[in-house]
Amino acid sequence: MAGEDGYGIPRSHPRYWSLVIREKLVEAFREGIVVPQGLIAHGRGECFDYLIGEETQPFAQEAIEAAAAALLLAEHPVISVNGNTAALAAEHMVRLAELLGAPLEVNLFYRTEERARKIAELLRRHGARRVLGVEDATARIPGLPSPRGMVSPNGIYRADVVLVALEDGDRTEALRRMGKTVIAIDLNPLSRTARTANITIVDNIVRAAPRLVEAVEKLRSRPRSELEQILARYDNNRVLSKALQHIAQRLMRLAQMGIAIEIG
Ligand code: ATP
Ligand code: MG
């Protein structure tokens, strides 16, 4: 129908994109890629996106550039993919892995072998060449009970830099304790993941993933010394502070302006 997309959501709807993303997640849920808990996690993310203003902010862009530098400098970078990430950003995660020559690894909080397989298939349909974490999730992250802690010995287990998105704080902490550099994409600057990661991209994965691909494309021809400088200048604590200040100031501005919508 004119003015509508495949989901029947009118393009004129003020929350069009948010509704399209929900439909994508529901579809992935029906296909067995996303778990019901993933739908709830998305709702928490949406709430923070509303507060942030549903646009990539400068603090997120700064973290994206640092993340690109860290991934390019890494010896064994790994892109961790869970159900929500696969549903919302498979194409960009595959592209990122290709640019970095890094493996993708299916890594699930609520792990079942069937779901791991389905996510790997989805990634392969998007052109992924190397997907770990399905049959080879035989190593365990210390401190995490199985199956929550099962990873590939050739992937996350030996990685020096791991990109995670919509990750649980407990698992992020366990990766840090293993000495890994953790890059997180997380809309909630207050989550344990956001506060534990080395580099936190406080942005919606839908916007952050293509920007991260762009940043890697831009920085990959630069000398190592320049990438090292980007990382040396980066301060995650300051970036998280900026995210909180942005939300606080934005809310104060809105409160002062008056936000009631007049009809008629
Ligand atoms: P933590 O365990 O780190 O304290 P949590 O328990 O609040 O966080 P989890 O369900 O463990 O939340 O992790 C999901 C995280 O993903 C949440 O912080 C949520 O804000 C974030 N999130 C949800 N949807 C998106 C999205 N589309 N893009 C980026 N982040 C998202
Ligand atoms: Mg959690």
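Atoms within each ligand, like the ligands themselves, are counted from 1 in listed order.
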(message) Just to be sure I'm reading this right: ignoring hydrogens, which of H42, E46, E173, R44 gets closest to atom 12 (O) of ligand 1? Compare them by their nearest heavy atoms.
(response) R44
(message) Name the residue from D168, D170, T172 that meets the side-chain hydrogen bond (donor to acceptor under 3.5 Å, both in side chains) definition with T193.
(response) T172
(request) State the atom name: nearest N, O or S atom of D168 to the Mg ion (ligand 2). (result) OD1
(request) Among all protein heavy atoms, pick the one closest to atom 9 (P) of ligand 1 and tell me residue, atom and distance. (result) E167 O, 4.3 Å
(message) Need the ligand 1 atom indices (1-based, order shown) with element for anything under 4.0 Å from a heavy-atom of G45.
(response) 19 (C), 20 (O), 22 (N), 23 (C), 24 (N)
(request) Count the heavy atoms of every other residue, nucleotide or ligand shown that sit under 6.0 Å from CZ of F48, and state whether that count exceeds 12. (result) yes
(message) Please state which option from L25, D168, D186, T193 has its nearest heavy atom closest to atom 17 (C) of ligand 1.
(response) D186
(request) Kindly compute the distance separating CG (L122) from CD (E91), expressed to the nearest 0.5 Å. (result) 11.0 Å
(message) Distance check, rounded to the nearest 0.5 Å: N107 atom CG versus I79 atom CD1?
(response) 12.5 Å
(message) So for atom CZ, which belongs to R129, do other residues, nucleotides or ligands contribute more than 12 heavy atoms lying within a distance under 6.0 Å?
(response) no
(message) Among all protein heavy atoms in this structure, tell me which lies nearest to atom 10 (O) of ligand 1, with the distance rounded to 0.1 Å.
(response) A41 CB, 3.7 Å
(request) May I ask you to say whether E62 pairs ionically with R233, meaning some side-chain N is under 4.0 Å from a carboxylate O? (result) no
(message) Quick check on side-chain hydrogen bond (donor to acceptor under 3.5 Å, both in side chains): which of N236, D186, N237 does T200 satisfy it with?
(response) N236
(request) Determine, considering heavy atoms only, which of S18, G169, A209, A194 sits nearest to atom 2 (O) of ligand 1. (result) G169
(request) Give the intermediate values and the outcome of salt bridge (Lys or Arg N to Asp or Glu O under 4.0 Å) for residues E214 and R211. (result) CA-CA 5 Å; E214 254 174 50; R211 283 183 162 80; over 6 Å; no
(request) Before signing off on this row, confirm whether D170 and ligand 1 have an N or O atom pair separated by under 3.5 Å. (result) no
(request) Starting from atom 16 (O) of ligand 1, find the nearest protein heavy-atom neighbour and note its residue, name and distance. (result) L166 CA, 3.4 Å
(request) May I ask you to identify the nearest protein heavy atom to atom 28 (N) of ligand 1, giving residue, atom name and distance to one decimal place in Å? (result) I205 N, 3.0 Å
(request) Considering only non-hydrogen protein atoms, determine which one is nearest to atom 8 (O) of ligand 1 and report residue, atom name and distance to 0.1 Å. (result) S191 CB, 3.6 Å
(request) Compute both the distance and the angle, then confirm whether R22 meets the cation-pi test with Y7: under 6.0 Å from the six-membered ring centre, within 45 degrees of the axis. (result) no
(request) For atom 30 (N) of ligand 1, find the nearest protein heavy atom and state the residue, atom name and distance (0.1 Å precision). (result) L187 N, 3.1 Å
(request) Return yes when atom CD of E114 has more than 12 non-hydrogen atoms of other residues, nucleotides or ligands closer than 6.0 Å, and no otherwise. (result) no
(request) Using a 4.0 Å heavy-atom cut-off, say whether D203 meets ligand 1 through its side chain, its backbone, both or neither. (result) backbone
(request) Give the residue, atom name and distance (to 0.1 Å) of the protein heavy atom nearest atom 27 (N) of ligand 1. (result) N204 OD1, 2.9 Å
(message) Is a donor from one side chain sitting under 3.5 angstrom from an acceptor on the other, for T56 and D203?
(response) yes
(request) Output the list of atoms in ligand 1 that are nearer than 4.0 Å to some heavy atom of N188, sorted by atom number. (result) 18 (O), 20 (O)
(message) For atom 4 (O) of ligand 1, what is the closest protein heavy atom, and at what distance to 0.1 Å?
(response) R192 N, 2.9 Å
(request) Verify the distance test for D170 against the Mg ion (ligand 2): any N/O/S atom under 2.8 Å, yes or no. (result) no
